[in-house]
Amino acid sequence: MAEVTIRDVRKSYGAVEVLHGVGVDIEDGEFVVLVGPSGCGKSTLLRMIAGLEAISSGTIAIGERVVNNLPPSQRDIAMVFQNYALYPHKTVASNMAFALRMRGMEKSEIKARVGRAAEILGLTPYLDRYPRALSGGQRQRVAMGRAIVRDPQVFLFDEPLSNLDAKLRVQMRTEIRELHQRLKTTTVYVTHDQIEAMTMADKIVVMQNGHIEQIGSPLELYDRPANTFVASFIGSPSMNMLDGVLRRNGDGWTADVNGTSLPITAGEGVEEGRQVTVGIRPEKLSLADSGLEGKVSVVEPTGAETHVVVETGGGEIVAVFRERHQLRPGQPLHFMAAPDAIHLFDRATSARIG
Ligand SMILES: Nc1ncnc2c1ncn2[C@@H]1O[C@H](COP(=O)(O)OP(=O)(O)O)[C@@H](O)[C@H]1O
Ligand SMILES: [Mg+2]
C-alpha cells in the first residue's frame, strides 16, 4: 500500500490546458473519490496517476517515488474501467490470471491468487465459465478480480458502475466498499455521480473545469460547502439558492429574501447590506404560518419522502418532507428554516461566508 501525492499537476492537449494546477494528498489506505461533471478532468487526472497520460507539469508520487516518468507497468497500480473488456474466449479464471501469466508468475502462486480473489468476490462457482455466461454484475466483479490478483499498491477505478442498471449499481457500490474495508488498498475512484461519491468516499475531491473546488469528507462537503458550485453539486435534490441581502435586525441578523426576513446566525462576513446567495437544503425547510411564501407547483412522492416543488417570487424551490402532508398543486404555502440551516455565499464570488 502507499500514499499518492499529487502536486500542482497541469495537463495540456496542444495549446489547450485542461487541468490547471491540481493538488491532492491521498493517504495510505484511503478511498478517495474524484467527482465532477462530465469533462471536468477526472479521467485525465486518473490516467496521469496510472501513467496512461503524460504529465505536462507538476509531480505525482506513489509512496516515496515520483512516478512522472515511469511507465504504467512499473507503477504498481491496477485500473478498472467502465468498459471492462474481458477476453471472451477465456474463462473467468484465465481472465483473472492473464496479467500474472504475462509476468511469468509461478503457476501455483497464480492459482492461489485467483482462488483468493474469486473467494472475496463470490466468483468461486463461476471460475470455469466464459464471460458470455455471466451477468453484468458478475462481469464487473471479474474485472475487479483482475485488479485484485495483482495485489497493487493503488487501485484506480474510472466510472466502473456506469454500465450497470440502477439496482446493481447500488449493490456493487456496497461490494466495492466492503472490498476496500477488507483489503485496505489505497483507492482513487472516479465518478460523475455525487451519490456514489457520498456513499463510498473517505474523502471527496470535487472538480469543475480542470480545477479542484473543494476537498473533504462527505459530510464536511454536505455541511459546509466552500462555494455555490459544491453546494449545488452535492446533495439531491440540490440545495435551494435564493438572492438575499443581509440586515441587522434588532439584536440579531436576517437574510432578506424576496420580502421575507429569515433569521440567520451572526458570524464572520455577516455585514449590513451584503449581497448574498442564500442556500437552504430541501430537507431543512419546514411548513410554517409565515416565512418564505410560494405556491405548490408539483408534488412528487417517492414513498419514503415527498418532494414538493414550489414557485416563489424569488424563483423555484424544492422542499423534501418525510411526513405525508396533504398538498395540492396551486396551494399557497409558507416555509421556514432554522438559522443554522441557512448557508450564505457571496453573490459576486460565490464563495462561502463564515
Ligand atoms: N486526448 C485528448 N485530446 C484533447 N482533449 C482531450 C483529450 N482527452 C480529454 N480531453 C479534454 O480534456 C477535458 C477533460 O476530459 P476528461 O478528463 O475525460 O473529463 P471527465 O473524465 O471528467 O469527463 C475535456 O475537456 C476533454 O475534452
Ligand atoms: Mg471520464
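Just so we're clear, the structure is a prediction, and the values are computed from it rather than from any experiment. For the single chain, residues carry numbers from 1 onward in sequence order. All values below were derived from every heavy atom in this structure, side-chain atoms included, with hydrogens, water molecules and symmetry-related copies excluded. Counting starts at 1 for both ligands and their atoms, in listed order.
Under the 4.0 Å criterion applied to side-chain N and carboxylate O atoms, D346 and R274 are assigned as salt-bridge partners. The pair K11-E17 does not count as a salt bridge, with every side-chain nitrogen at least 4.0 angstrom from each carboxylate oxygen. The pair D25-R7 counts as a salt bridge, with a side-chain nitrogen and a carboxylate oxygen less than 4.0 angstrom apart.
Screening residues 174-200 for salt bridge (Lys or Arg N to Asp or Glu O under 4.0 Å) gives R141-E175, R177-D202 as the qualifying pairs, with residues at least two apart or on separate chains. Note on residues 251-269: no pairs pass salt bridge (Lys or Arg N to Asp or Glu O under 4.0 Å), not counting sequence neighbours.
Side-chain atoms of H343 and R352 include a donor-acceptor pair closer than 3.5 Å.
Distances under 2.8 Å from the Mg ion (ligand 2) pick out the protein N/O/S atoms S43 OG.
Of the protein's non-hydrogen atoms, the one nearest atom 15 (O) of ligand 1 is T44 OG1, 3.7 Å. Atom 1 (N) of ligand 1 has its closest protein heavy atom at Y13 CE2, 3.4 Å. When only non-hydrogen protein atoms are considered, atom 23 (O) of ligand 1 lies nearest to G39 N, 2.7 Å.
Atom 26 (C) of ligand 1 is never approached by the protein to below 4.0 angstrom, counting heavy atoms only. Distance check for atom 21 (O) of ligand 1: a protein heavy atom is found below 4.0 Å.
For the residues V18, V16, N209, the heavy atom positioned nearest atom 12 (O) of ligand 1 is part of V18. When S43, G210, S38 are checked for heavy-atom proximity to atom 18 (O) of ligand 1, S43 turns out nearest.
Listed by chain and number, the residues in a side chain to side chain donor-acceptor pair (under 3.5 Å) with R101 amount to none (sequence neighbours excluded).
Here the CZ-CG distance, from F233 to N227, works out to 12.0 Å after rounding to the nearest 0.5 Å.
The aromatic rings of F31 and H180 lie perpendicular to each other, with more than 60° between the two planes, well past the 30° mark.
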